Protein chains: 2
Amino acid sequence: MLNNSQYIEKLRSSGLRPTKQRLKICEVLFNTDKTFHFTINELVKRISKVSNHKISLATVYNTVHSFKKKGYLKEIPINSDQSYFDTNTSHHHHFYDEGQKNLIDIDDADVEPVKINTKIPGKKIKSVEVLVKVEDDKS
Amino acid sequence: MLNNSQYIEKLRSSGLRPTKQRLKICEVLFNTDKTFHFTINELVKRISKVSNHKISLATVYNTVHSFKKKGYLKEIPINSDQSYFDTNTSHHHHFYDEGQKNLIDIDDADVEPVKINTKIPGKKIKSVEVLVKVEDDKS
DNA sequence: CAATAGTTTAGAACAATTATAATGTAGAAA
DNA sequence: TTTCTACATTATAATTGTTCTAAACTATTG
């Protein structure tokens with residue numbers, strides 16, 4: 001929930017020029033109380049809902065990727081045909097309902113820390129992500 | 001490690017007609033000591049290495065999907081542009097090296113059971129998958 | 001300002017996957 | 001067996017998500 005000049009500062013401080021397009025995308029992504037998940041397509045729709053000037057699809061892709069690289073977004077690995085992103089960059093996990101293609105946060109406190117008792121020589125762990133697939137409970 | 005007539009039986013018993021193509025794919029996927037991971041592209045290459053008759057790409061997709069539906073294969077959710085499949089259908093998790101696009105099994109015994117202390121009303125858990133991303137250890 | 005390096009853009013290109021519609025085939029019935 | 005039919009396979013077209021390209025634009029620096 002920052003204002004425009006704060007986004008300008010945020011972008012500049014991470015080495016990204018604060019362009020109109022990036023600021024608009026910041027607004028759409030971060031000017032809200034709750035974090036949320038989105039696909040590129042959904043983001044494009046949200047943008048066009050808030051603004052008359054449409055942002056080129058390529059720019060949306062570019063921006064999402066640079067925001068991800070800067071750590072403003074996380075990508076969630078879901079077995080699917082499209083990429084899912086999360087504005088919640090804190091450590092947490094997900095439920096995924098394949099039927100409804102619906103993604104829900106699992107508060108980190110609700111998952112016991114995942115302990116991995118093995119390692120790969122020369123590699124270090126970068127992230128541990130738990131995906132809990134759910135389905136209708138017909139019992 | 002079954003022989004041809006055992007694959008015929010296996011397919012038939014799950015309601016799939018044992019066609020030449022499906023049997024060839026069974027051979028490539030299951031006639032080995034070790035389980036392994038593959039993409040459709042890699043599977044196509046393996047097939048052409050073992051056989052002169054090439055199987056249409058569409059058939060490979062169809063077959064992999066029906067094998068997955070029957071539980072002979074698992075799909076591994078990796079944030080990527082292509083689908084990864086696993087001939088190891090037992091419960092286990094994965095390391096993924098994004099740099100090398102390399103996928104490695106984590107023996108189930110090497111992961112403490114993941115405990116989820118929350119649930120979604122009306123839904124039940126279908127699977128819990130842990131993806132451990134790794135990177136070069138430059139320390 | 002002027003220079004320039006980074007950005008945006010429309011559209012082409014691409015890669016993975018799915019759809020289509022014609023042809024082929026396994027299994028059952030006659 | 002031969003015939004029938006539903007299921008499978010096939011080549012190819014179509015679709016979808018994403019990346020590339022190269023020209024136009026713009027934020028920043030000097």
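Predicted model, so just to flag it, every value in this text is computed and none were measured. In what follows, chains carry the letters A, B, and so on, assigned in the order in which the sequence lines appear, proteins first and then strands, with residues in each chain numbered from 1.
- The footprint of chain B on DNA chain C, defined by a heavy-atom cutoff below 4.0 Å, extends from C/dA16 to C/dG27.
- Taking the side chain to side chain contact (heavy atoms under 4.5 Å, CB included) definition, one finds that B/Lys20 meets it with nothing, sequence neighbours left out.
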Report, as a single string ordered 5' to 3', how protein heavy atoms within less than 4.0 Å touch nucleotides 23-30 of chain D: B base, S sugar-phosphate only, - not at all.
---BBS--

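- To the nearest angstrom, P of D/dT10 lies 13 Å from NZ of B/Lys24.
- Looking at heavy-atom distances under 4.0 Å, A/Ser83 makes contact with sugar-phosphate atoms alone, never a base.
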Intermediate values then yes/no, side-chain contact (heavy atoms from CB on, under 4.5 Å), B/Glu135 and B/Asp97:
CA-CA 6 Å; B/Glu135 63 189 343; B/Asp97 184 341; 5.8 Å; no

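- For residues 33-45 of chain A, the set of pairs meeting the side chain to side chain donor-acceptor pair (under 3.5 Å) definition, not counting sequence neighbours, comprises A/His37-A/Asp86, A/His37-A/His94, A/His37-A/Asp105.
- Remark: A/Ser127 pairs with A/Glu129 by the side-chain hydrogen bond (donor to acceptor under 3.5 Å, both in side chains) rule, at least two apart or across chains.
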Given A/Ser66 and A/Tyr72, is the side-chain hydrogen bond (donor to acceptor under 3.5 Å, both in side chains) satisfied, shown in steps?
CA-CA 9 Å; A/Ser66 33; A/Tyr72 303 155; over 6 Å; no

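- The pair A/Lys126-B/Asp137 does not count as a salt bridge, with every side-chain nitrogen at least 4.0 angstrom from each carboxylate oxygen.
- Listed by residue number, B/Tyr61, B/His65 are the residues of residues 61-68 of chain B with a heavy-atom contact under 4.0 Å to DNA chain C.
- By the ring pair (Phe, Tyr, Trp, His ring centres under 6.0 Å) test, B/Tyr61 is found to be paired with no residue, residues two or more places apart in sequence or in another chain being considered.
- What separates CG of A/Asp81 from P of D/dT16 is a distance of 11 Å, to the nearest Å.
- Shown here are the salt bridge (Lys or Arg N to Asp or Glu O under 4.0 Å) partners of B/Lys69, two or more places apart in sequence or in another chain: there are none.
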Enumerate, atom names and distances included, each donor-acceptor pair closer than 3.5 Å involving a side-chain atom of residues 49-59 of chain B, sequence neighbours excluded.
unit_1  : atom_1 : unit_2  : atom_2 : d
B/Ser51 : OG     : B/His53 : N      : 3.3
B/Ser51 : OG     : B/His53 : O      : 3.2
B/Ser56 : OG     : B/Ala58 : N      : 3.3

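- One can place NZ of B/Lys69 at 15 Å from C1' of D/dA8, the figure rounded to the nearest angstrom.
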Please output the side-chain donor-acceptor pairs of residues 110-117 of chain B that fall under 3.5 Å, not counting sequence neighbours, one pair per line with the distance.
unit_1   : atom_1 : unit_2   : atom_2 : d
B/Glu112 : OE2    : A/Asn117 : ND2    : 2.9
B/Lys115 : NZ     : B/Asn117 : OD1    : 3.2
B/Asn117 : ND2    : A/Glu112 : OE2    : 3.0

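- With rounding to whole Å, A/Gln82 atom CD is found 18 Å from D/dT15 atom P.
- Against DNA chain C, the stretch residues 49-59 of chain B makes heavy-atom approaches under 4.0 Å through B/Leu57, B/Ala58.
- Classification of the B/His91-B/His93 ring pair by plane angle, with boundaries at 30° and 60°, yields perpendicular.
- Going from atom CG of B/Asn3 over to atom SG of B/Cys26 covers 11.5 Å, rounded to the nearest 0.5 Å.
- Every residue meeting the salt bridge (Lys or Arg N to Asp or Glu O under 4.0 Å) condition with A/Glu75, not counting sequence neighbours, appears here in chain and number order: A/Lys68.
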